[in-house]
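Below is one structure, written out as structure tokens, with a few remarks after it.
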Protein chains: 2
Amino acid sequence: MTVTPDLEQVLKGAELRVTRPRVAVLSAVHAHPHADTDSLIRAVRADLGDVSHQAVYDVLRALTSAGLVRRIEPSGSVARYEARVGDNHHHVVCRHCGAIADVDCAVDETPCLTASNDNGFVIDEAEVIYWGTCPACSTSDRHRRRGNT
Amino acid sequence: MTVTPDLEQVLKGAELRVTRPRVAVLSAVHAHPHADTDSLIRAVRADLGDVSHQAVYDVLRALTSAGLVRRIEPSGSVARYEARVGDNHHHVVCRHCGAIADVDCAVDETPCLTASNDNGFVIDEAEVIYWGTCPACSTSDRHRRRGNT
DNA sequence: GCTCTTGTCTTGACTCGTTCAAGAGCAAGG
DNA sequence: CCTTGCTCTTGAACGAGTCAAGACAAGAGC
């Protein structure tokens, strides 16, 4: 795979060192939205050859804290990462196969994003996860189940 | 702790056998909202004496699938359980100390089920987690406590 | 280009929440 | 009371993620 200078600029813009593992991880996250860590490790290794899982974990943490990627953890699933950051979008997760899709912020007025009683908390983010059934699992409902019911 | 016949009725109503561990776990979940599994195990053992952690895990799963308790898993936290079921309420989680509080849905029914673009998914539940800072951590924040702990 | 500094990657072991498996125990119905 | 089958105990195993120490390389300065 050819080097993507664009991603290097992104890393530099975040004041992060430009290394091959970092570019590869960032590229993998862009190429595979909502991929879990293991998938990303395999994608990175397909790109670079041999990379330790620890490096991927470390890079993902660095990218997450730098705000370049976002970490999502639906219940019953492992951590997943996506490169879409900055916009306030949410996710819909299939209960049967675990598929994840993006959902733009539901309503303009966002009724649920305004807590009726915040208990004194200072709220800075509202995370919404829609649970349901994806089109594939809806048609063939007795398909293979990956997650817990 | 005195026996709570009410909980026995709840278990019977769910077609579950009434055993001491089950009553104790259900009671512990009622007494300690948003408690993690380990806290519940300790609470149950304080009540009954010696109970295997496996029994608690098994009971919690049975109660969850029966709809008597609800399992919540904020990112970066272990599984927690609450007895408030049936109403569509959400949670606010403190980024610093992990404290959880209930938040009633802004609207009575379930408006959060309305996604602007459902990608063909059949959505049956919307889970909302508000992230912020609890009152206690807000106060200590002024002492220079910063960063994502 | 060369060296230095500092942050990054490799290797390997380890933690901890959770689950699996086999057998003993007990609740509920007859 | 006895049977039946679910439930609890015991003990081990699993796996995502983390910790620690040292080798290594990116970027800065010369």
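Heavy atoms only: backbone and side chains are in, while hydrogens, waters and symmetry mates are out. Residue numbers begin at 1 in each chain, while the letters A, B, ... track the order of the sequences.
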Between CZ of Arg80(A) and P of dA16(D) the distance, given in whole Å, is 11 Å
Between Arg61(A) and dT18(D), is there a side-chain N or O to OP1/OP2 distance below 4.0 Å? yes
Looking at Trp131(B) and Pro74(B), what are the two nearest heavy atoms and their distance? CH2-CB, 4.1 Å
Less than 4.0 angstrom from a charged side-chain N to a carboxylate O is my criterion; do Arg71(A) and Glu73(A) meet it? yes
Using atom CG of Leu60(A) as one end and atom C1' of dA16(D) as the other, report the distance to the nearest whole Å. 13 Å
Nearest to the Arg71(A) side chain among dT10(C), dG17(D), dT9(D), which nucleotide is it? dG17(D)
Counting only side-chain nitrogens and oxygens, does Tyr57(B) get under 4.0 Å of the OP1 or OP2 atom of dT19(C)? no
Are Asp102(A) and His91(A) packed together at the side-chain level, in the sense that at least one heavy-atom pair is separated by less than 4.5 angstrom? yes
Give the rounded distance in Å between these two atoms: CD1 of Ile41(A) and P of dG15(D). 14 Å
Counting only Watson-Crick pairs (N1-N3 plus N6-O4 or O6-N4) and G-U wobbles (N1-O2, O6-N3), all under 3.5 Å, who is the partner of dT18(C)? dA13(D)
Using a 4.0 Å heavy-atom cut-off, does Asp38(A) contact any base of the nucleic acid, only the sugar-phosphate backbone, or nothing at all? nothing
What integer distance in Å separates Tyr81(A):OH from dA16(D):C1'? 10 Å
Using a heavy-atom cut-off of 4.0 Å across all strands, would you classify Ala79(A) as base, sugar-phosphate, or nothing? sugar-phosphate
For Asp50(B), answer base if it contacts any base atom (sugar-phosphate contacts may also be present), sugar-phosphate if it contacts only those atoms, and nothing otherwise; contact means non-hydrogen atoms under 4.0 Å. sugar-phosphate
Hey, any chance Ile129(B) and Ile123(A) share a hydrophobic cluster, counting ILVMFWY side chains that come within less than 4.5 Å of each other, even indirectly? no
Selection from dG17(D), dT10(D), dC9(C) that lies nearest to any side-chain heavy atom of Val78(A): dG17(D)
Between dA16(D) (C1') and Leu40(A) (CG): distance, integer Å: 14 Å
Between atom NE2 in His53(A) and atom P in dT11(C), what is the gap in whole Å? 11 Å
Who are the side-chain contact (heavy atoms from CB on, under 4.5 Å) partners of Ala35(B), not counting sequence neighbours? His32(B), Ser39(B), Leu40(B)
Are Leu11(A) and Leu68(A) close enough, and set up right, to give a side chain to side chain contact (heavy atoms under 4.5 Å, CB included), and what steps lead you there? CA-CA 8 Å; Leu11(A) 287 171; Leu68(A) 298 183; 4.1 Å; yes
Under the 3.5 angstrom rule, does the side chain of Arg45(A) hit a backbone N or O of Val51(A) as a donor-acceptor pair? yes
Heavy-atom protein contacts under 4.0 Å, nucleotides 25-30 of chain C, coded B base, S sugar-phosphate only, - none: --BS--
Roughly how many Å is it from CD in Glu73(B) to P in dG17(D), rounded to a whole number? 12 Å
Rounded to whole Å, please give me the gap between CZ in Arg22(B) and P in dT7(D). 4 Å
